[in-house]
Amino acid sequence: MTDIQASLSESRMRRRRVLRRALSHRSFVIGFAGVGIVLLLAIFAPLVTWHDPYAQSIIDRRLPPIWYGWFWDDPLASWNHPLGTDQLGRDYWSRLVYGGRISLFIGLSATLVSGLIGTTLGILAGYFGGRTDMVISFLITTRLTMPVILVALATVALFNSSLMVVTLVLGLLLWDRFAVVTRSATMQVRSMEYVTAAKSIGSSTPRILLTEILPNIAAPLIVIATIEMATAILYEAALSFLGLGVQPPLPSWGLMLAQAKGDIFFAPWMITLPGVTLFALLLSINLFGDGVRDLTSPESR
């Protein structure tokens, strides 16, 4: 009983050390807070907005945000539309919040697809080596020669743009970094004692790959996942800005930027707000990834 209590106490102390180290890492805290705020707003969008993001009102077109009433005494600014309205009279706060749903969905889904493909190929190449490694390395090299944005533009234009098409295209184009990192990490751990022990007791190859190798290379994969998530969100915004991403009336931040570019001199908030929001989310994701990398590196343990 004493041994069990000592083990539980040691486990609690280890968790407290990890928590203290995480809370003392400024980049991790800022990134986690930024991503967490956007995620909570996206999840509880119906509770934090009071307008339908698709509802149009020609009478309320291009209403200024609330600070126009504070600093310039604009009588059209009101708390009914705290961030103003767009060229069709749609509430900008609602569209920004629901746009966060689109960005997070595409980022997470594309990362899941690319992570599954890249991790599978990387583990197989790193574990088996030989011809398997040569074939997969050739696939990685071929993929690296393809410009992502041009291939995505051509593919989306060919198959008609939609939310699912954009997600699948980005997921199928962003797996190379996963494959490269997973291959290198697998080559480092495939000769470790625990892998040799698993082979000696007759464990099957899938069991070794899933229970011995994959958990021990998870830390770099988490960092890569954050990078690819930010990349997918940025590519989606670029595709939507060019008119080949998420289609109207969905409230994509890239689409909002494209629709507002003609009003940059007359209603600058319409292009500034989605641009700043997109920048803040991408910065938060990258800071979070940097923090995870620092906290999981052997030097920081």
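Throughout, residue positions are numbered sequentially from 1 according to the sequence presented.
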With sequence neighbours excluded, what pairs up with D60 under the salt bridge (Lys or Arg N to Asp or Glu O under 4.0 Å) test?
none
Indicate every side-chain donor-acceptor pair of residues 243-256 with a distance under 3.5 Å to a residue at least two apart or in another chain.
from: Q247; atom 1: NE2; to: S161; atom 2: OG; distance (Å): 3.4
from: Q247; atom 1: NE2; to: G243; atom 2: O; distance (Å): 3.2
from: Q247; atom 1: NE2; to: G245; atom 2: O; distance (Å): 3.0
from: S252; atom 1: OG; to: E236; atom 2: OE2; distance (Å): 2.7
from: S252; atom 1: OG; to: S240; atom 2: OG; distance (Å): 3.4
from: S252; atom 1: OG; to: G254; atom 2: N; distance (Å): 3.4
from: W253; atom 1: NE1; to: L96; atom 2: O; distance (Å): 3.0

Quick one: hydrophobic cluster around M134, which other residues, with the 4.5 Å side-chain cut-off, linked directly or via members?
none
What distance separates S27 OG from D294 CG, expressed to the nearest 0.5 Å?
7.0 Å
If hydrophobic clusters are built by linking Ile, Leu, Val, Met, Phe, Trp and Tyr wherever their side-chain heavy atoms come under 4.5 Å apart, do M146 and W175 end up in the same one?
no
Shortest non-hydrogen separation from P46 to R101 and the atoms involved
CD-NH2, 3.5 Å
For residues 213-227, which side-chain donor-acceptor pairs fall under 3.5 Å, sequence neighbours excluded?
from: N216; atom 1: ND2; to: E212; atom 2: O; distance (Å): 2.4
from: T226; atom 1: OG1; to: V223; atom 2: O; distance (Å): 2.5

Is F44 close to T49 at the side-chain level, that is, under 4.5 Å between some pair of heavy atoms?
no
From L210 atom CG to S203 atom OG, the distance as rounded to the nearest 0.5 Å
11.5 Å
Note, V189 side chain near Y194 side chain (heavy atom, < 4.5 Å)
yes
Separation of S284 OG from L39 CG (nearest 0.5 Å)
12.0 Å
Applied to residues 30-39, the salt bridge (charged side-chain N to carboxylate O under 4.0 Å, His left out) test, sequence neighbours excluded, yields none
Out of curiosity, does I123 fall in the hydrophobic cluster containing I208 (side-chain heavy atoms, cut-off under 4.5 Å, transitive links)?
yes
If you group Ile, Leu, Val, Met, Phe, Trp and Tyr by side-chain heavy-atom gaps below 4.5 Å, do I140 and I117 land in one group?
yes
Determine the minimum heavy-atom distance between N286 and A230, stating which atoms define it.
ND2-CB, 3.9 Å
Could you tell me if the ring centre of Y68 sits under 6.0 Å from that of W72?
yes
Just grab all the side-chain hydrogen bond (donor to acceptor under 3.5 Å, both in side chains) pairs involving residues 76-87, residues at least two apart or on different chains.
H51-N80, H81-D91, D86-R90
A quick test of your reading: do over 12 heavy atoms of other residues, nucleotides or ligands sit less than 6.0 Å from CD1 of I59?
no
For residues G126 and T186, report the shortest heavy-atom separation together with the two atoms involved.
C-CG2, 3.6 Å
Check whether any side-chain heavy atom of L239 lies under 4.5 Å from a side-chain heavy atom of I149, and answer yes or no.
yes
Taking C-beta and beyond as the side chain, do T167 and V113 meet within less than 4.5 Å on heavy atoms?
no
Can you find a pair of side-chain heavy atoms, one from I233 and one from L278, that are under 4.5 Å apart?
yes
Side chains of I102 and L163 in contact at under 4.5 Å (non-hydrogen atoms)
yes
Do S184 side-chain atoms and V181 backbone N/O form a donor-acceptor pair below 3.5 Å?
no
Holding to side-chain hydrogen bond (donor to acceptor under 3.5 Å, both in side chains), I want the full list of residues that pass it with R177, two or more places apart in sequence or in another chain.
E228
Residues joined to L287 in its hydrophobic cluster, side chain to side chain under 4.5 Å directly or through other members, sorted by chain and number, are I30, F279, L283
Distance (rounded to the nearest 0.5 Å) between H25 NE2 and F32 CZ:
14.5 Å
Going by the side-chain hydrogen bond (donor to acceptor under 3.5 Å, both in side chains) test, which pairs reach into residues 127-138, not counting sequence neighbours?
D133-S137, D133-R183
When clusters are formed by joining ILVMFWY residues with side-chain heavy atoms under 4.5 Å apart, either directly or through shared neighbours, do L172 and V156 land in the same one?
no
Do L116 and F178 have side-chain heavy atoms sitting under 4.5 Å apart?
no
For side chain to side chain contact (heavy atoms under 4.5 Å, CB included), just list the numbers for Y98 and Y54, CA-CA rounded to whole Å, side-chain angles, deciding distance to a tenth of an Å, and then say yes or no.
CA-CA 10 Å; Y98 279 88; Y54 305 104; 5.7 Å; no
Trace of the side chain to side chain contact (heavy atoms under 4.5 Å, CB included) decision for W67 with L83:
CA-CA 9 Å; W67 57 83; L83 296 185; 3.7 Å; yes
Between the CD1 atom in I106 and the CE atom in M229, the distance rounded to the nearest 0.5 Å is 11.0 Å
Straight-line distance of L40 CG to L47 CG, nearest 0.5 Å
11.5 Å
Only counting residues at least two apart or in another chain, list the ones meeting salt bridge (Lys or Arg N to Asp or Glu O under 4.0 Å) with R143.
D176
Okay, side chain of T155, backbone of A152: is any donor-acceptor separation there less than 3.5 Å?
no
Output yes when a side-chain donor or acceptor of S24 lies under 3.5 Å from a complementary backbone atom of R21, and no otherwise.
yes
Just to verify, what does Y235 make a ring-ring contact (aromatic ring centres under 6.0 Å, His included) with, not counting sequence neighbours?
none
Hydrophobic cluster identity match, V29 and L281, side-chain contacts under 4.5 Å
no
Could you list the donor-acceptor pairs under 3.5 angstrom formed by side chains in residues 260-277, with sequence neighbours left out?
from: K261; atom 1: NZ; to: A258; atom 2: O; distance (Å): 3.0
from: D263; atom 1: OD1; to: R62; atom 2: NE; distance (Å): 3.1
from: D263; atom 1: OD1; to: R62; atom 2: NH2; distance (Å): 3.1
from: T272; atom 1: OG1; to: P268; atom 2: O; distance (Å): 2.8
from: T277; atom 1: OG1; to: L273; atom 2: O; distance (Å): 2.7

Give the minimum heavy-atom separation between S94 and W50, together with the two atoms involved.
OG-N, 4.5 Å
For D74 against P64, the heavy-atom pair lying closest together
OD2-CG, 3.5 Å
Donor-acceptor check, side chain of R95 to backbone of P53, threshold 3.5 angstrom: yes or no?
yes
Of all heavy-atom pairs between A77 and G69, which one has the smallest distance, and what is that distance?
CB-N, 3.5 Å
